[in-house]
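Structure record follows, encoded as structure tokens.
Just so it is clear, the values below take in all heavy atoms, side chains as well, and ignore hydrogens, waters and symmetry mates. Not measured: the values here are computed from a predicted model. Letters A, B, ... mirror the listed sequences (proteins, then strands); counts begin at 1.
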Amino acid sequence: MMALVDCNSFYASCEQVFRADLQGKPVVVLSNNDGCIIAANKEAKQIADIPMFQPVFKIKDLLKAHQVTMFSSNYTLYGEMSQRVINVLRNFSPHLEAYSIDESFLDLSGLSHKDLSAYGKEIKEKVLKHTGLPVGVGIASTKVLSKVANKLAKKIPENEGVFVIDSEAKRIEALQKTLIADVWGIGRKHVKRLQNIGIYTANHFTELPLNWVRKNMTVVGERMWRELRGEKMMEVTNHSQPRKAVATAKSFGKKLEKLDIIEEACAYYISEVSEILRKQNSTASYLQVFLNTNYHSDFDKQYHPSITVKLEMPTNNTFVLIKEANKILRKIYKPGFRYKKVGVCLSGLRSENYVQTNLFCQEFSGKQQNLMQMMDDMNAKYGKSTIFSSSLGIRKKEWELIKEERSPRYTTQWKELLKVQG
DNA sequence: TCTGGGGTCCTAGGACCC
DNA sequence: TCTGGGGTCCTAGGACCC
């Protein structure tokens with residue numbers, strides 16, 4: 001058996017932990033640039049018409065009328081709270097897979113003598129006590145079934161946040177209560193295809209012939225199908241694998257037309273992603289740079305160019321990558337458009353230790369390596385962007401994100417600690 | 001005026017190799 | 001009338017996830 005532990009409206013809950021005054025009140029968290037809603041707590045969801053990804057400007061009046069508290073996203077805080085949850089969960093199973101920022105799978109094999117429902121409750125209570133965050137616990141024999149159990153744990157109030165699928169009868173009953181759209185791994189397109197042939201619940205889906213599933217939904221669909229029927233296809237994996245690609249692409253705080261400002265944003269993103277690469281001791285073989293105008297605008301001319309290049313030598317050197325990115329940018333940039341976003345993506349990642357260099361290669365000379373190391377050390381010690389490439393520029397960052405309602409970074413900055421009045 | 005960001009896996013088809 | 005067989009690697013696009 002395994003458990004899926006999932007934090008309830010994670011980002012919104014994180015904000016509430018530090019704001020006792022917001023208990024029981026509606027809270028939402030906004031995306032970058034305060035563009036749309038990406039998390040809403042229970043109270044906010046109860047207010048009609050607050051679907052996720054709704055642009056905030058369209059429902060500003062509604063939010064105001066219901067006195068919904070809005071927060072810009074504060075990923076530093078959420079990342080650290082996530083670690084705290086994981087630390088608590090490790091006490092319940094040594095074999096844990098941190099699946100996402102707010103979800104973990106726990107391998108419970110070897111605990112068959114335990115009352116798993118009681119164990120689930122214990123997990124829930126410990127996490128709440130130690131972090132202040134509410135979670136739901138789903139327990140079953142496969143990953144997909146524990147996802148189903150987790151949904152039911154939260155959806156049906158009598159379950160009080162914990163649900164166990166431990167018999168064939170319970171499995172069938174759970175699947176009958178689960179809409180096909182709510183099954184993990186079955187997205188919008190497949191839901192439509194399935195509804196077209198009269199399949200509406202997870203249970204219906206498991207009754208389809210395997211060859212239909214295989215043909216229309218590839219092996220991915222087949223895995224879901226088998227897992228829903230109780231056949232284990234996916235293991236709980238302990239070790240976190242290194243990433244295969246690192247990308248960043250954020251919308252500018254305002255539309256930009258000039259190349260030099262876009263170049264500075266691009267150089268900034270490159271320094272971010274190459275630092276991530278160095279942290280996991282990887283180098284990139286490919287670099288992609290793309291530009292976007294505003295997709296949503298009927299008024300603006302649209303242009304979404306992109307170029308991917310294979311680098312002469314796999315590298316994680318910020319300066320080399322900025323130079324290459326600028327070359328691409330100058331190729332794809334055309335004046336006369338109002339650009340909304342520049343993005344970079346490093347892929348073809350491989351370990352630093354296996355890079356095949358050539359005679360003319362400078363980047364892996366000790367000098368360059370030491371320079372990168374020094375930069376990373378200083379920025380870690382004295383704060384982000386203490387030293388940086390001059391390509392980033394030193395003027396005001398016109399492209400910077402808008403974050404008007406960001407909460408303090410309570411847990412990672414001395415200056416922003418929670419104040420308690422006695 | 002204002003609409004997010006960062007990933008994974010799978011498949012088909014083309015290029016290329018012997 | 002007749003034109004091989006068996007591979008690998010790469011890329012773009014689709015589908016999905018949080």
Check: Can you say whether the rings of A/Y78 and A/Y75 are parallel (under 30°), tilted (30 to 60°) or perpendicular (over 60°)?
Finding: perpendicular
Notebook entry, point to check: Quick one: is A/K147 getting a side-chain N or O under 4.0 Å of the C/dC17 phosphate, OP1 or OP2?
Noted result: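 A/K147 to C/dC17 OP1/OP2: no side-chain N or O under 4.0 Å.
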Notebook entry, point to check: Is any side-chain nitrogen or oxygen of A/K189 closer than 4.0 Å to OP1 or OP2 of C/dA15?
Noted result: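 Yes, A/K189 has a side-chain N/O under 4.0 Å of OP1/OP2 on C/dA15.
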Notebook entry, point to check: Taking 4.0 angstrom as the limit, do A/E222 and A/R214 come out as a salt bridge?
Noted result: yes
Checklist line | A/S31 or A/T218, whichever maps to the more 5' nucleotide of DNA chain B | finding: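 Per heavy-atom nearest nucleotide, the more 5' residue is A/S31.
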Note to self: If you assign A/A247 and A/I38 each to the DNA chain B nucleotide with the nearest heavy atom, which residue ends up on the more 5' nucleotide?
What the structure shows: A/I38
Next item on the list: Starting from P on B/dC2, measure out to CG on A/N294 and report it in whole angstrom.
Entry: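 So the CG-P distance, A/N294 to B/dC2, works out to 7 Å.
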Margin query: I need the CE-P distance between A/M233 and B/dC9, as an integer number of Å.
Written below: 16 Å
Next item on the list: Could you tell me whether the side chains of A/R278 and A/T318 share a donor-acceptor contact shorter than 3.5 Å?
Entry: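 A/R278 vs A/T318: donor-acceptor pair found between side chains.
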Note to self: Under 3.5 Å, is there a donor on one side chain and an acceptor on the other for A/Q288 and A/S347?
What the structure shows: no
Item checked: Among B/dT8, B/dG4, C/dC18, the one nearest A/K244 by side-chain distance -> B/dT8
Margin query: Could you tell me the Watson-Crick or G-U partner of C/dC9, where both distances fall under 3.5 Å? Say none if there is no partner.
Written below: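 C/dC9 is paired with B/dG14.
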